[in-house]
Each structure stands twice: as C-alpha cells, then as structure tokens.
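Below, all heavy atoms of this structure are taken into account, side chains as well, without hydrogens, waters or symmetry copies. This is a predicted model, so every value here is computed, not measured. Quick note: residue numbers are just sequence positions, from 1.
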Amino acid sequence: MAATGTYVTQADCENRFTSALIVSVFDDDATGVLSTGEEGALSALILDAENIVEESIHKTYGDDGLTWLRAQTTSAPRSVKRRILDVLWMYIVQRHPEFVRVDLVKGWERVNADLAALRLREVSLAVIGTAIEPADNEGGYVRSGDPDDTEPKPKVFLDGTGIF
C-alpha cells in the first residue's frame, strides 16, 4: 500500500522528488523499498504538510473554503498540491539532511512567504470555474447602534482616544 495523505499521494511525491530520493530518505531498514512502517512515516509527513497548508487556507477562506478543499481529495488544485509538496520538501530535508543539502532557513523562509501570500490573498488557489467563499473578516466586526435610539452618535476611536 502506497503512502498517501488527503490531497497528496506517494506518486505525487515521487513525481516531484524522484522515487530514488524518497527511498533514500525513508528506507530506514535499507531494503531498497519502503516497508509498511516507512510508508507510514512518509504518510505522517504528508499529513503534517497538508495540515500546514490547510491552516493557511482556513485562515483565508474560512470553514466553507476548507470544506470545499477537503471534498476535492486527491483532485485538489495543483496550486494547493504544490504548496503541500513545498512544505513536505522541507520536512524531507530535515529528516535526513545528509541526503539533500539545502539551506533550511532560506527554504523555510520561502515556504512561509508563499503561505503568507496565500493567507493575504496575494495569490489565488487558481481554481477555474469554482467559487470559493471570500476571505474571512480578520479582526473587524460590524455592529449597529441601539435600534430604539435613532439619534446619530459621534464616531469615536474604540481605544477612547477621541472623536474622528
């Protein structure tokens, strides 16, 4: 049974990183193939990477966007899979840095910048023909005045520093 997550499969990993690299990093018993436990280790890292990307998507698109994404399963948009594989790459490098020499600090900075751009809607999920809910209102709130008191109220700063 091949390692898999919700959106990314072992085949996706092998297409991106090569099967030789996946075996080098996850073949802890040196048999030349992934055993059940080693596939479990790969699956766990895939799920961890997916969780990080889901958190960014949830922050931007809310529960509806996350529900929509989870319904896509392995048919998720390529832009989502790419971000998951970018995070997974950093986990792979951390697991066995002797196989792959990468500057971890710069790598994580790049991945985090990409996820921040997603959270800030500077990039989209690149989903054509599919409507996703707009971004959640972060930190703001809407309120109406007292419905029984129709007199206009002066606008004041919430921290009490005065009228504007």
Enquirer: Only counting residues at least two apart or in another chain, list the ones meeting side-chain hydrogen bond (donor to acceptor under 3.5 Å, both in side chains) with Thr9.
Expert: Asp12
Enquirer: Could you tell me the separation between the OG atom of Ser43 and the CG atom of Leu34, rounded to the nearest 0.5 Å?
Expert: 9.5 Å
Enquirer: Tell me which pairs pass ring-ring contact (aromatic ring centres under 6.0 Å, His included) where either residue lies in residues 8-48, with sequence neighbours left out.
Expert: Phe17-Trp89
Enquirer: Return the minimal non-hydrogen interatomic distance between Val25 and His96, and the atom names on each side.
Expert: O-CD2, 2.8 Å
Enquirer: How far does NZ of Lys81 sit from OG of Ser75, to the nearest 0.5 angstrom?
Expert: 7.0 Å
Enquirer: Could you tell me which non-hydrogen atom of Asp48 sits nearest to which non-hydrogen atom of Tyr91, and how far apart they are?
Expert: CB-CE1, 3.7 Å
Enquirer: Between Ile22 and Ile92, is there a side-chain heavy-atom distance shorter than 4.5 Å?
Expert: yes
Enquirer: Are Val33 and Asp27 close enough, and set up right, to give a side-chain contact (heavy atoms from CB on, under 4.5 Å), and what steps lead you there?
Expert: CA-CA 6 Å; Val33 294; Asp27 184 18; over 6 Å; no
Enquirer: So, does Glu50 use its side chain to make a donor-acceptor pair with the main chain of Val8 at under 3.5 Å?
Expert: yes
Enquirer: Minimum heavy-atom separation for Cys13 and Leu88, please, with both atom names.
Expert: SG-CD2, 3.4 Å
Enquirer: If you measure from CD on Gln10 to CD1 on Ile46, what distance do you get to the nearest 0.5 Å?
Expert: 7.0 Å
Enquirer: Give the C-alpha distance, both sets of side-chain angles, the deciding distance and a yes or no for side-chain contact (heavy atoms from CB on, under 4.5 Å) between Leu47 and Thr6.
Expert: CA-CA 7 Å; Leu47 290 172; Thr6 305; 4.1 Å; yes
Enquirer: Got a sec, which residues hit side-chain hydrogen bond (donor to acceptor under 3.5 Å, both in side chains) with Asp28, two or more places apart in sequence or on another chain?
Expert: Arg95
Enquirer: Side chains of residues 99-106: which donor-acceptor partners sit under 3.5 Å, not counting sequence neighbours?
Expert:
{"from": "Asp103", "atom 1": "OD1", "to": "Val105", "atom 2": "N", "distance (Å)": "3.1"}
{"from": "Asp103", "atom 1": "OD1", "to": "Lys106", "atom 2": "N", "distance (Å)": "3.3"}

Enquirer: Could I get the full list of side-chain hydrogen bond (donor to acceptor under 3.5 Å, both in side chains) partners for Glu109, not counting sequence neighbours?
Expert: none
Enquirer: Measuring from atom CG of Asn51 to atom OG of Ser56, what distance do you get when rounded to the nearest 0.5 angstrom?
Expert: 10.0 Å
Enquirer: Roughly how far apart are Leu120 CG and Lys59 NZ, rounded to 0.5 Å?
Expert: 9.5 Å
Enquirer: Heavy-atom distance under 4.5 Å between the side chains of Tyr7 and Arg83, does that happen here?
Expert: no
Enquirer: Keeping to residues at least two apart or across chains, list the salt bridge (charged side-chain N to carboxylate O under 4.0 Å, His left out) pairs with something in residues 85-94.
Expert: Arg16-Asp86, Arg82-Asp86, Asp86-Arg110
Enquirer: In Å and rounded to the nearest 0.5 Å, what is the OH to OG1 distance from Tyr61 to Thr67?
Expert: 14.5 Å
